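If you scroll down you'll find the structure; I have some questions about it.
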Amino acid sequence: MTRTVHVDLANRAYDVVIGRGLIAGAGERIAPFARNRRTAVVSDETVWARHGAALSASLQAAGLSVYPVILPPGEQTKSWEGLAQVSSQLLDLELDRGDLVTAFGGGVIGDLAGFAASIYKRGIDFVQIPTTLLAQVDSSVGGKTAIDTPQGKNLIGAFHQPRLVLADLDVLGTLPDREVRAGYAEVIKYGLLGDFDFFTWLEAHGAEVLAREPEAVAHAVARSVEMKAEIVIEDEKEAGRRALLNLGHTFGHALEAETGFGEALLHGEAVAAGCGLAFRFSAHLGLCTGQDAERASAAIAASGLPVSMAGMGPFSADRLVHHMAQDKKAEGGRLTFILARGLGDSFVARDVRPEALKAFLVSEGAIS
Ligand code: NAD
Ligand code: GLY
């Protein structure tokens, strides 16, 4: 069964189609968005080797000319160099505004290709075909695009909504277990931030999602995308409520920064640890109960994801606080966190006191 979530953003509205076997029919769905019947397909070597032939065949069968732009896999590709490579290749292909960029990969490719599309000839249309669980439930929806720079992650970017998102659940079959778990962190994040019923469903069915049982994965992806779409429709440019999607991310980004933004700690793993820390910090501040914090951690830990800094550090509390002060949500030097009043009930907390944060981090094992 195919499910469609409509992201209702006026003249930037689009559908997110979720289901099995979507690659085979991708050409028919994408062709209406390629007026010149040409598309550059930006992908990484791993995804292209496994699924590129099937996608190319589908696009060509629908009458589209396909121009692959293939990059090395990994976070380091989402860089100035990666952006220069994609942009140069688009220029060499002499694509114009009647052409289309197709982002075919995980969050790295989606963020990079989307950003290149946003600046190429001042903006060209793009579609997303996300191939990781993380990209299907989060990064392909909502129009945030970016690259990383030596100064930090996702600091250079743009809002550029895709014209269509095709989340083919079959492609998750080739995804390594560790990447499935990392994507699951973003799934459980939705339950924790705003849907207690979804959280309890994940407590009961999370193992089925991780085992990629079709019905469970379909429900988890669809519910996540529905929640993301609802928030993005209300607050596209993150003036307010969209910040809730960053539950766990302020702690998580600081841990990623300290571990080098790479294989040592994947983004989703950092978000999982960050969600555990955000709930315990909320309990520490008396905002939610200790039982809620324990239940959040237990649900995350049941999937094999980290819920704390244990086994990662040691980290300096001052360095972690410094990273958190650089977070994009921070304004005028004020620390901003997504904290919780309970399971499924998070909120944006501005003016978190650095001393309280530091004391909490030390209680979690950071060095004073
Ligand atoms: P990724 O794109 O690096 O993919 C992870 C790994 O899986 C890569 O090695 C890739 O080659 C491989 N892979 C992808 N699909 C595969 C498949 N079907 N089969 C086998 N291997 C496959 O990482 P990710 O976790 O998808 O994305 C992380 C990025 O997403 C980060 O840069 C993060 O900042 C970004 N992100 C963006 C948003 C947003 O709203 N734009 C939201 C969350 C995360
Ligand atoms: N991943 C957070 C957002 O899209 O806002």
Side-chain angles (χ1 to χ4, degrees), residues 16-18 22-24 26-27 29-30 33 39-59 64 66-79 81-87 89-90 93 100-118 120 124-148 153-154 157 160-183 186 212 217 221 225 261-263 266-268:
V16 182
V17 185
I18 300 152
L22 295 181
I23 300 282
R29 290 183 191 270
I30 287 174
F33 300 102
T39 184
V41 180
V42 182
S43 190
D44 74 31
E45 287 155 4
T46 307
V47 173
W48 193 247
R50 285 164 178 69
H51 304 286
L55 180 63
S56 289
S58 167
L59 294 168
L64 298 182
V66 177
Y67 302 97
V69 176
I70 311 303
L71 298 128
E75 189 71 32
Q76 70 284 355
T77 285
K78 218 179 96 173
S79 58
E81 294 74 22
L83 181 67
Q85 187 181 335
V86 174
S87 306
Q89 285 195 242
L90 298 184
L93 291 167
L100 185 74
V101 170
T102 298
F104 185 44
V108 163
I109 289 297
D111 281 11
L112 174 66
F115 186 40
S118 81
Y120 181 78
I124 180 175
D125 284 347
F126 85 118
V127 299
Q128 290 261 22
I129 307 183
T131 63
T132 61
L133 181 60
L134 182 142
Q136 294 192 350
V137 300
D138 193 353
S139 61
S140 65
V141 180
K144 278 189 182 175
T145 73
I147 57 167
D148 306 331
K153 223 170 112 75
N154 296 329
H160 188 51
Q161 300 291 344
R163 299 299 308 275
L164 175 72
V165 181
L166 296 179
D168 185 338
L169 305 174
D170 285 338
V171 295
L172 301 179
T174 57
L175 195 62
D177 287 343
R178 185 180 176 196
E179 296 290 349
V180 175
R181 261 197 310 279
E186 302 278 9
R212 288 168 256 195
V217 177
V221 174
V225 170
F261 293 110
E263 286 293 305
L266 298 179
H267 175 71

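One-based numbering along the sequence shown. If you're wondering where the values come from, they're calculated on a predicted model, not measured in any experiment.
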* Asked: Shortest non-hydrogen contact from F115 to I147?
  -> CD2-CG2, 4.0 Å
* Asked: Could you give the distance from OG1 (T77) to CG (L83), rounded to the nearest 0.5 Å?
  -> 12.0 Å
* **Non-hydrogen atoms of G105 and A135 that approach each other most closely** => O-CB, 4.2 Å
* Structure fact -> Here the salt bridge (charged side-chain N to carboxylate O under 4.0 Å, His left out) pairs for residues 101-112, sequence neighbours left out, are K78-D111
* Asked: Side chain of S56, backbone of A53: donor and acceptor closer than 3.5 Å?
  -> no
* Listed partners of T102 passing side-chain hydrogen bond (donor to acceptor under 3.5 Å, both in side chains), at least two apart -> T39
* Rounded to the nearest 0.5 Å, how far does CZ of R29 lie from CG of L59? -> 13.0 Å
* Asked: Is there a donor-acceptor pair closer than 3.5 Å between any side-chain N or O of D168 and the backbone N or O of I23?
  -> yes
* **Side-chain (Y120) to main-chain (L90) donor-acceptor, under 3.5 angstrom** => yes
* **Residues forming a salt bridge (Lys or Arg N to Asp or Glu O under 4.0 Å) with R163, sequence neighbours excluded** => D125
* Under 3.5 Å, side chain of R212 to main-chain N/O of L172, donor-acceptor pair present? -> yes
* To do: Can you measure from NE2 (H267) to CD (E179) and round to the nearest 0.5 angstrom?
  => 11.5 Å
* **salt bridge (Lys or Arg N to Asp or Glu O under 4.0 Å) involving R178 - partner list, sequence neighbours excluded** => E263, E269
* Does the E75 side chain pair with the main chain of G262, one donor and one acceptor, at a distance under 3.5 Å? -> no
* Atom CG of L71 and atom CD of Q89: how far apart are they, to the nearest 0.5 Å? -> 7.0 Å
* Asked: Would V17 and L22 satisfy side-chain contact (heavy atoms from CB on, under 4.5 Å), going step by step from the backbone distance to the final call?
  -> CA-CA 8 Å; V17 185; L22 295 181; 4.1 Å; yes
* Structure fact -> dist L169:CG -> L133:CG (nearest 0.5 Å) comes out at 9.0 Å
* Side chains of S79 and D148 in contact at under 4.5 Å (non-hydrogen atoms) -> no
* Asked: Is there a side-chain contact between I129 and I30, using heavy atoms and a 4.5 Å cut-off?
  -> yes
* Asked: Taking atom types as modelled, is there a side-chain donor on T131 or H51 under 3.5 Å from an acceptor on the other?
  -> no
* Structure fact -> Sorted by chain and number, sequence neighbours left out, side-chain hydrogen bond (donor to acceptor under 3.5 Å, both in side chains) with D138 holds for K189, K228
* Nearest heavy-atom pair of Q76 and P73: which atoms, and what distance? -> NE2-O, 3.0 Å
* G107 versus T132, closest heavy-atom pair with distance -> N-OG1, 4.1 Å
* What residues, two or more places apart in sequence or in another chain, satisfy ring-ring contact (aromatic ring centres under 6.0 Å, His included) together with H160? -> F126
* Asked: Can you tell me if Q161 uses its side chain to pair, donor with acceptor, with the backbone of G143 under 3.5 Å?
  -> yes
* Does A116 offer a backbone N or O that forms a donor-acceptor pair with the side chain of S87 under 3.5 Å? -> no
* Could you pull out the closest heavy-atom pair between V108 and G74, with the gap in Å? => CG1-O, 3.5 Å
* Asked: Do V171 and R50 have side chains that get closer than 4.5 Å, going by heavy atoms?
  -> no
* So, for V42 and A113, which heavy atoms are closest and what is the spacing to 0.1 Å? -> CB-CB, 3.8 Å
* **Side-chain donor or acceptor of D44 paired with backbone N/O of P72 under 3.5 Å** => no
